[in-house]
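Any value given below was found using the heavy atoms of this structure, including those in side chains, with hydrogens, waters and symmetry copies removed. Naming: A, B, ... by sequence-line order, numbering from 1 per chain.
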Amino acid sequence: MRTHWCGELDRSLVGREVTLAGWVQRRRDHGGLIFIDLRDRSGLAQLVFDKGKSPFELAEELRNEYVIGVRGRVAERSPENYNPRLATGEIELAVSELKIYNRSYNPPFYIEDGLSVEESLRLRYRYLDLRRPEMMHRLRLRHRAVKMMRDYLHEDGFLEIETPMLTRSTPEGARDYLVPSRLHPGSFYALPQSPQLFKQLLMVAGAERYYQFARCFRDEDLRADRQPEFTQIDLEASFYSQERLFDLVETMMARLWEELLEIKLERPFPRLAYREAMDRFGSDKPDLRFPGELVDLTDLAEKSSFKIFQGVIKSGGVVKGWCHAGGGRLSRRELEELIDFARREGAKGLVWMVREEEGWRSPVAKFFDQGLLNEIGERAGAQPGDLLLVVADRWLVSCTVLGQLRLRLGGPREQGENRPHFLWVIDFPLFEPEPGEKGYLSNHHPFTAPLEEDMPLLETRPAEVRSQAYDLVLNGVELGSGSARIYDRDIQQRLFKVLGLSDREAEEKFGFLLEAFEYGAPPHRGIALGLDRLVTMLTGDESIRQVIAFPKTAGATCLVTGAPAAVSREQLTELKIGVKAGGRKSGQSPSKPK
RNA sequence: GGAGCUGUGGUGUAGCGGUUAACAUGCCGGCCUGUCACGCCGGAGAUCGCGGGUUCGAUUCCCGUCAGCUCCGCCA
């Protein structure tokens, strides 16, 4: 049905008889002469139907998006008819045979790049949206990235192993998607949030190096970078040092960027301890595309007569600042908005200071003498015309609020810098305080190994214990996260104790894993990278929906199929499931396509 | 759960307390043998997301609701 792709026709084929197939991109009917741009996955080729020489009457019926096959002779155009904007613009196909495989409704939007229609329409007719070259390009790029990573992991001895989709709900983490069991009414499978436990079992099984392009499901609210189902490049390796794992991931990233974007990455990627990342950038996923770091002003603020600062410092807080270059021109109103923003982010307030040619302008200037202000300005690197923002609060609050202000004001878009800035964030705290309680929760997951040197603190000062967990960060986006796992029963039990898990509870929740670990678990570690986010970074898109063939809406519905939808009474009866009032009746869907 | 933005022919937009609801493009028909965003002529196509309220009168103002998007919460 086809001997060549449209996009591969060139002058070397002039005179050859070829068969093409594809969709009608555009028709230009000149009366006695019809031009058709034929589109397939590879590109466009111009077809010519000449009255008298071609199947002309049939060609007159052609409309956009008709599916056709043609046979004809490749002809060089006369030079004045070259189309430099078309890859195949020096040739055309003089058609001798035309077959209309299928007709088409007029599409609801143009099948072309640079489209501006409502995204819901694109999602509703996703199969048309994907016909657009820029969308097919995204899918192709994703495919190439996946293929390269598979090849690379294979080279390093990793085995691709599938793990179950129907698994068991585990207590921690995100909300599970549940699947009712027909054979065991009242019991449910859960779709995996990640293959975490299985990949550790595979290490016990001696797989040594495992990877999987794993579908993961989390029933949480969506964002531009979050879908309820998404793909992780999930990997785990035994007897594998952190250095080796970092090198593996870095090499993989370097290959992707080099081969897909022709960008050479600087290696090794910088590493920042969590503490340092927060201190300097106010974020555990700092965006290093633009300069400007937070500074600690606690010692200087202490010398002022500003009571609020002093109070915060006395109660163990810190005073931190960030200099917004050129921010001195912000209006009073804009400054007020910044204060509101800081409050929404959790700060009690925000102090601003503008450095002028002579002295300082600030509502709190009177509490500082000139020399002190200059010292502060110097530490923050403030030039005349710059704005210094200061937050006094608990360490974490001061850092995060200023970090958010840094992102908002110093944003990379303003800087026009878009090179990839990878880094590793390491040494995360093992625990986070349980909100409102005295206890602790796992920061990563409860099998994350503590940093060896912090082990003595495990029972005494758990909040200070750091873990062997690491995040891969690119331009302010968390691309992946992993850790070394605990493989020692004693350490695991000590950790459960800190988490307030009794032996019985631990047994109940993770018994199968703990049991497996009794049969000789090797030291192992792993990481999971978000494929959708990774590809989005490669394409430069704003939303991961752009690189997913059939994504869900912000309301977690599929506009193509209308999922989720009610099911028949019979299906529910078979599962022994009753739907309470407020649920939908059979046949209803939250977003039924028209 | 909360906040914000958006919703007008197929599509993208304009508009306004009283309009024949405008423009572009697409679509349909006609003409056209070198176009490539072809051109020219003509035509069809909109209960202004839905419901309620204010008003003599609502696409326009108000309230609610639905849908899409963005953010907060949430996402070990």
Side-chain angles (χ1 to χ4, degrees), chain A residues 25-38 44-54 56 60 63-65 75 77-86 88-89 92 94 105-125 128 170-176 193-194 196-197 216-228 230 341 344-346 404 408 428 430-432 434-435 440-448 467 469 478 481-483 499 509-510 528 530 542-543 545 551-557 559 590-594:
Chain A
Q25 173 71 28
R26 207 178 287 277
R27 175 183 64 125
R28 291 180 294 278
D29 184 349
H30 289 242
L33 188 69
I34 298 173
F35 297 103
I36 298 288
D37 291 336
L38 184 66
L44 296 176
Q46 175 166 282
L47 314 178
V48 189
F49 294 86
D50 199 326
K51 199 169 196 168
K53 293 187 216 159
S54 294
F56 194 83
E60 282 183 312
R63 294 294 182 274
N64 286 350
E65 301 310 313
R77 304 189 192 183
S78 57
E80 69 272 20
N81 286 328
Y82 282 0
N83 183 354
R85 296 172 55 188
L86 205 61
T88 58
E92 62 193 9
Y105 289 154
N106 291 316
F109 49 80
Y110 316 120
I111 309 299
E112 64 187 21
D113 289 348
L115 186 69
S116 84
V117 294
E118 263 187 59
E119 194 177 354
S120 57
L121 196 70
R122 292 174 48 203
L123 292 177
R124 165 90 173 75
Y125 296 97
L128 297 180
T170 49
E172 314 238 343
R175 208 173 284 121
D176 283 316
Q193 296 175 25
S194 82
Q196 182 61 41
L197 300 177
C216 304
F217 304 85
R218 294 179 188 176
D219 188 5
E220 299 292 347
D221 285 356
L222 290 78
R223 289 285 188 284
D225 62 351
R226 270 162 39 187
Q227 284 271 305
F230 60 99
F341 176 77
R344 280 199 304 277
E345 293 293 327
Q404 288 297 324
R408 180 180 158 128
F428 279 88
L430 186 59
F431 304 106
E432 56 179 293
E434 204 170 347
Y440 295 92
L441 298 171
S442 278
N443 209 339
H444 190 61
H445 59 66
F447 312 107
T448 305
S467 68
E478 182 197 316
S481 151
S483 66
L499 290 170
K509 291 175 172 174
F510 309 109
E542 299 284 324
S543 161
R545 289 190 300 275
K552 304 276 189 291
T553 66
T557 65
L559 294 183
S591 62
K592 210 171 190 174
K594 292 187 287 193

**Q** Looking at every strand, decide which applies to Q227(A) at a 4.0 Å heavy-atom threshold: base, sugar-phosphate, or nothing.
**A** nothing
**Q** From the options rG73(B), rC36(B), rC69(B), select the nucleotide whose nearest atom is closest to the side chain of Q46(A).
**A**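 Ranking rG73(B), rC36(B), rC69(B) by closest atom to the Q46(A) side chain puts rC36(B) first.
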**Q** Answer yes or no: is there a side-chain heavy-atom contact under 4.5 Å between E432(A) and Y440(A)?
**A**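 Result no, sub-4.5 Å side-chain heavy-atom pair not found.
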**Q** Would you kindly check whether a donor in the side chain of R226(A) faces an acceptor in the base of rC74(B), or vice versa, at under 3.5 angstrom?
**A** yes
**Q** Nearest to the side chain of P108(A), heavy atoms from C-beta on, is which of rU35(B), rU70(B), rG10(B)?
**A**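 Of the options given, the side chain of P108(A) lies nearest rG10(B).
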**Q** Go ahead and name the base partner of rG34(B); Watson-Crick or wobble counts if both distances stay under 3.5 Å, otherwise write none.
**A**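 Here rG34(B) is not engaged in any pair, so there is no nucleotide opposite it.
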**Q** With rounding to whole Å, what would you report as the distance between rC69(B) and rU54(B) at their P atoms?
**A** 35 Å
**Q** Checking all strands, does L121(A) fall into the base, sugar-phosphate, or nothing category for heavy-atom contacts under 4.0 angstrom?
**A** sugar-phosphate
**Q** Of the candidate nucleotides rC36(B), rG12(B), rG73(B), which contains the atom at the shortest distance from the side chain of S116(A)?
**A** rG12(B)
**Q** Would you indicate what Y82(A) reaches in the nucleic acid, counting non-hydrogen atoms under 4.0 angstrom: base, sugar-phosphate, or nothing?
**A**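 Y82(A): base contact, heavy atoms under 4.0 Å.
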**Q** Does D50(A) reach a base, just sugar-phosphate, or nothing at all? Heavy atoms under 4.0 Å.
**A** base
**Q** Taking a pair as Watson-Crick or G-U wobble with both distances under 3.5 Å, which nucleotide is matched to rC74(B)?
**A**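 The answer is none; no pair meets the criterion.
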**Q** When you get a sec, tell me which of rC32(B), rG73(B), rA37(B) is the closest nucleotide to the side chain of D29(A)?
**A**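 Of the candidates, rC32(B) comes closest.
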**Q** For the base of rG26(B), is there a side-chain donor-acceptor partner from N64(A) under 3.5 Å away?
**A**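 No such pair is found, so the answer is no.
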**Q** When rounded to the nearest Å, what value does the distance between C1' atoms of rU59(B) and rG51(B) take?
**A**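 One C1' to the other, the span is 15 Å.
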**Q** Determine whether a donor-acceptor pair (one donor, one acceptor, N or O, separation below 3.5 Å) exists between the side chain of R77(A) and the base of rC36(B).
**A** yes
**Q** A side-chain contact here means heavy atoms from C-beta on lying under 4.5 Å apart; do F431(A) and L499(A) qualify?
**A**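 Yes, their side chains come closer than 4.5 Å.
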**Q** Regarding E80(A), tell me which of base, sugar-phosphate or nothing describes its non-hydrogen contacts under 4.0 Å with the strands shown.
**A** nothing
**Q** Quick one, R223(A) and S543(A) - any side-chain contact, counting heavy atoms below 4.5 Å?
**A**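 A side-chain contact is absent here, since even the closest heavy-atom pair is not under 4.5 Å.
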**Q** Please figure out whether L222(A) or G52(A) has its closest RNA chain B nucleotide nearer the 5' end.
**A** G52(A)
**Q** Taking the six-membered ring for Trp and the single ring otherwise, decide whether the centroids of F510(A) and F447(A) are under 6.0 Å apart.
**A** yes
**Q** Can you find a pair of side-chain heavy atoms, one from H445(A) and one from Q196(A), that are under 4.5 Å apart?
**A**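 Yes, their side chains come closer than 4.5 Å.
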**Q** For the side chain of R28(A), starting at C-beta, report the closest nucleotide among rG73(B), rC38(B), rU70(B).
**A** rC38(B)
**Q** Just wondering, do F35(A) and rU35(B) stack (centres under 5.5 Å, planes under 30°)?
**A**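 So yes, this residue stacks on that base, both cut-offs being met.
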**Q** Nearest to the side chain of D37(A), heavy atoms from C-beta on, is which of rC74(B), rA37(B), rC36(B)?
**A**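 Side chain of D37(A) sits closest to rC36(B).
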**Q** If you go through the side-chain atoms of E118(A), does one of them form a donor-acceptor pair with the base of rU6(B) closer than 3.5 Å?
**A** no
**Q** Does any nucleotide pair with rA14(B) by Watson-Crick or G-U wobble geometry, both distances under 3.5 Å, and what is it?
**A**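 Checking every strand shown, rA14(B) finds no partner, since no pair has both distances under 3.5 Å.
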**Q** What about E220(A), does its side chain sit under 3.5 Å from the base of rG73(B) through a donor-acceptor pair?
**A** no
**Q** Tell me the partner of rG26(B), counting only Watson-Crick (N1-N3 plus N6-O4 or O6-N4) or G-U wobble (N1-O2 and O6-N3) with both under 3.5 Å; none if nothing fits.
**A** none
**Q** Suppose you measure atom C1' in rA24(B) against the same atom in rA37(B); what distance do you get, rounded to whole Å?
**A**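 Per the computed distance, 13 Å lies between those C1' atoms.
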**Q** If we take the C1' atom in both rA21(B) and rG45(B), what is their distance in whole Å?
**A** 14 Å
**Q** Looking at every strand, decide which applies to S194(A) at a 4.0 Å heavy-atom threshold: base, sugar-phosphate, or nothing.
**A**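 It contacts base atoms.
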**Q** Salt bridge between D176(A) and R218(A), side-chain N to carboxylate O under 4.0 Å?
**A** no
**Q** RNA chain B: S78(A) or A554(A), which has the more 5' nearest nucleotide?
**A** S78(A)
**Q** Check every atom of rC27(B), rG10(B), rC38(B) against the side chain of N106(A) and return the nucleotide holding the closest atom.
**A** rC27(B)
**Q** So V48(A) and S54(A), do their side chains get closer than 4.5 Å, heavy atoms only?
**A**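 They are not in contact (no side-chain heavy atoms under 4.5 Å apart), so the answer is no.
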**Q** Which nucleotide, rC36(B), rC38(B), rU70(B), lies nearest any side-chain atom of S543(A)?
**A**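 Within the option list, the nearest is rU70(B).
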**Q** Please determine, for rU20(B), whether a Watson-Crick or G-U wobble partner exists with both distances under 3.5 Å, and give it or none.
**A**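 Answer to the pairing question: none, since rU20(B) forms no Watson-Crick or G-U pair.
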**Q** With both distances under 3.5 Å as the test, what is the Watson-Crick or G-U wobble partner of rG7(B)?
**A** rC66(B)
**Q** Under the 3.5 Å rule, do the base of rG68(B) and the side chain of R122(A) count as making a donor-acceptor pair?
**A** no
**Q** For the base of rC32(B) and the side-chain ring of H30(A), does the geometry meet a stacking cutoff of under 5.5 Å between centres and under 30° between planes?
**A**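 Whether judged by distance or by angle, H30(A) falls short somewhere, so it does not stack on the base of rC32(B).
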**Q** Select base, sugar-phosphate, or nothing to describe what R223(A) touches, counting heavy atoms under 4.0 Å on all strands.
**A**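 Base: the residue R223(A), judged by heavy atoms under 4.0 Å, touches a nucleobase.
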**Q** Nearest to the side chain of A224(A) - rU70(B), rU25(B), rA37(B)?
**A**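 That would be rU70(B).
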**Q** Would you indicate which nucleotide in rG34(B), rA37(B), rC75(B) comes nearest to any side-chain atom of A174(A)?
**A** rC75(B)
